[in-house]
Amino acid sequence: FSAYINEIIPELMKCDSCSHIFYKKMPSEELLNEMYGFKRKFKKDPARPPNNNMIEIMKRCFRIVDKKNPIFLDYGAGHGRWSLAAAKAGFKVLAYEPHLSRSVANSEFQLVKSIDELHKIKFDFIWCEQVLEHVVNPFNVMNIINKLSSKETIIRISVPNIHRAKEGADIWNHWPY
């Protein structure tokens with residue numbers, strides 16, 4: 001992390017209308033790719049199997065879709081824990097992860113490394129877990145998700161709530177980008 005602190009000025013802004021907190025300046029796509037490739041130690045293996053709670057959440061999502069052989073997109077799949085949980089719940093899963101150092105192949109889901117591989121598919125469920133805060137242009141990502149959706153697609157998006165960050169004053173050691 002310390003290698004990047006001189007390249008990134010972690011300055012937060014707050015929207016006057018909705019109080020949304022965001023970075024004043026995002027790192028470039030090239031710098032983000034380098035940062036994601038940075039080898040760091042994790043307290044727990046990020047590629048570990050999903051826990052029972054994750055699988056139960058996916059089973060509920062599967063029931064909500066209420067369709068035979070639903071297709072699930074894990075957009076920004078990282079190490080694939082949610083992808084694997086979705087597969088265990090019964091979804092046909094495509095896991096999109098552009099950062100090669102973070103992606104983990106698994107026989108229970110299809111790993112996709114290029115968004116172009118998805119352009120002809122309309123998904124039944126799109127999962128976007130803690131992704132938008134990591135991209136240079138979230139609006140572009142939302143447009144991509146829109147193109148991969150139909151009127152029946154269920155989309156779930158989550159982003160960190162910086163007001164409730166467990167890291168407190170130590171936030172920059174945990175959320176460097």
Side-chain angles (χ1 to χ4, degrees), residues 1 4-38 40 42 46 54 57-58 61 64-65 71-83 85-86 91 93-104 109-168 171-177:
F1 167 70
Y4 300 105
I5 198 68
N6 293 327
E7 296 195 43
I8 303 170
I9 300 169
E11 185 177 353
L12 296 176
M13 302 291 290
K14 184 175 183 179
C15 176
D16 292 333
S17 299
C18 70
S19 297
H20 174 73
I21 296 178
F22 57 95
Y23 287 112
K24 183 175 183 178
K25 182 180 177 192
M26 281 292 292
S28 68
E29 192 72 38
E30 294 78 25
L31 185 57
L32 281 173
N33 284 331
E34 182 183 321
M35 291 169 79
Y36 285 122
F38 183 74
R40 69 181 216 191
F42 293 94
M54 295 169 75
I57 289 169
M58 285 299 154
C61 293
I64 291 168
V65 172
I71 304 172
F72 181 97
L73 173 63
D74 187 355
Y75 190 100
H79 297 283
R81 292 185 75 211
W82 285 109
S83 300
F91 284 101
V93 178
L94 281 81
Y96 170 64
E97 178 52 60
H99 302 286
L100 302 179
S101 64
R102 295 171 57 93
S103 56
V104 175
F109 58 83
Q110 180 182 342
L111 181 61
V112 178
K113 296 177 183 177
S114 169
I115 203 70
D116 295 333
E117 297 177 52
L118 303 174
H119 75 279
K120 293 183 180 178
I121 304 170
K122 296 292 184 191
F123 292 90
D124 299 302
F125 204 110
I126 298 176
W127 187 267
C128 191
E129 175 80 16
Q130 309 290 317
V131 172
L132 294 179
E133 70 276 13
H134 296 275
V135 297
V136 174
N137 191 334
F139 184 76
N140 285 350
V141 171
M142 295 305 299
N143 280 328
I144 291 167
I145 288 173
N146 184 49
K147 290 176 185 172
L148 300 172
S149 305
S150 70
K151 289 180 182 178
E152 292 81 31
T153 301
I154 298 170
I155 302 171
R156 182 196 178 270
I157 298 170
S158 74
V159 293
N161 180 347
I162 199 164
H163 289 296
R164 293 185 357 197
K166 66 182 184 288
E167 298 87 357
I171 193 167
W172 302 119
N173 289 324
H174 299 275
W175 294 11
Y177 42 85

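The chain is numbered in sequence order, starting from 1.
Atom CH2 of residue Trp127 and atom CG of residue Leu73 lie 12.5 Å apart, to the nearest 0.5 angstrom. Once rounded to the nearest 0.5 Å, the distance linking CG of Leu148 with NZ of Lys120 reads 13.5 Å. Tyr96 OH to Ser114 OG: the interatomic distance, rounded to the nearest 0.5 Å, is 6.5 Å. Atom-to-atom distance recorded for Tyr75:OH and Ile126:CD1 is 9.5 Å, nearest 0.5 angstrom. Ile115 CD1 to Ile144 CD1: the interatomic distance, rounded to the nearest 0.5 Å, is 5.0 Å.
A donor-acceptor pair is defined here as one N or O able to donate and one able to accept, closer than 3.5 Å; such a pair exists between the side chain of Glu97 and the backbone of Gly78. Side-chain N or O atoms of Lys147 include none that pairs as donor or acceptor with a backbone N or O of Lys122 at under 3.5 Å.
Between Cys61 and Phe72, the closest side-chain pair of non-hydrogen atoms is not below 4.5 Å. At least one side-chain heavy atom of Met142 sits under 4.5 Å from a side-chain heavy atom of Ile157. Arg156 places a side-chain heavy atom less than 4.5 Å from the side chain of Glu129. A heavy-atom distance below 4.5 Å is not found between the side chains of Phe91 and Asp74. When side chains are defined from C-beta on, Phe125 does not count as touching Ile64, because their heavy atoms never get closer than 4.5 Å.
Smallest separation of non-hydrogen atoms from Ile145 and Cys128: CD1-SG, 4.1 Å.
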